[in-house]
Amino acid sequence: SVGMEKIIKVEEDVVLREIAGECFLIPTGKTVLKYNGLLQVNPLEAELWEMLRQGTSLEQLVQTMMNIYDVQESALREDIQEFLDKLRESGMLMEDE
């Protein structure tokens, strides 16, 4: 059920900025010391990031992106999972168990 879905959020002090037409996640404030430099993101990942700032679940991400991008669900799911893993590795992901 929807209620059981894990809520995923991201570090609030990390901001999405566009630099020379490319999007980057940039640590600010206290997170600067915590993370190693910038993380480049593609347009899909930038959209995901905005949703993650509000707090969302994997299923919500998949459903919303399915409506925006005309791609196969399996491919989309893979891309989203990859991005979440990337964020997890960099420590920017906050998961409520």
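Nothing here was measured: the structure is a model prediction, and the numbers come from that model.
In this structure the side chain of Leu76 reaches within 4.5 angstrom of the side chain of Leu44, judged on heavy atoms.
In this structure, Arg53 has no salt bridge (charged side-chain N to carboxylate O under 4.0 Å, His left out) partners at least two apart in sequence or on a different chain. With sequence neighbours excluded, no residue forms a salt bridge (charged side-chain N to carboxylate O under 4.0 Å, His left out) with Glu47. Checked against side-chain contact (heavy atoms from CB on, under 4.5 Å), Gln72 has the following partners two or more places apart in sequence or in another chain: Ser74, Ala75. Residues that satisfy the side-chain hydrogen bond (donor to acceptor under 3.5 Å, both in side chains) test with Asn42, not counting sequence neighbours, are absent from this structure.
Heavy atoms from other residues, nucleotides or ligands lying under 6.0 Å from CG of Asn67 number more than 12.
A distance of 10.0 Å separates CG in Leu93 from CD in Glu11, rounded to the nearest 0.5 Å. Residue Leu48 holds its CG atom at 8.5 Å from CG of Asp79, rounded to the nearest 0.5 Å.
For the pair Leu16 and Cys23, the tightest heavy-atom approach, listed with the atom from each and the gap, is CD1-CB, 4.2 Å. Across all non-hydrogen atoms, the minimal contact from Ile8 to Leu84 is CD1-CD1, 4.0 Å. The shortest non-hydrogen separation linking Trp49 to Phe83 is N-CE2, 4.1 Å. Taking every heavy atom of both residues into account, Glu45 and Gln40 meet most closely at OE1-O, 4.0 Å. Nearest approach of Leu39 to Ser90, heavy atoms of both residues: CD2-OG, 4.2 Å.
Among pairs with a residue in residues 12-26, those fulfilling salt bridge (Lys or Arg N to Asp or Glu O under 4.0 Å) read Asp13-Lys30, at least two apart in sequence or across chains.
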Side chains of residues 54-61: which donor-acceptor pairs under 3.5 Å do they make with residues two or more places apart or in other chains?
from: Thr56; atom 1: OG1; to: Gln60; atom 2: OE1; distance (Å): 3.2
from: Ser57; atom 1: OG; to: Glu5; atom 2: OE1; distance (Å): 2.8
from: Ser57; atom 1: OG; to: Gln60; atom 2: N; distance (Å): 3.2
from: Glu59; atom 1: OE1; to: Arg77; atom 2: NH2; distance (Å): 3.1
from: Glu59; atom 1: OE2; to: Arg77; atom 2: NH1; distance (Å): 2.9
from: Gln60; atom 1: OE1; to: Ser57; atom 2: N; distance (Å): 3.3

Under the side-chain contact (heavy atoms from CB on, under 4.5 Å) rule, what do Val10 and Leu25 come out as? Steps first, then yes or no, please. CA-CA 11 Å; Val10 286; Leu25 292 175; over 6 Å; no

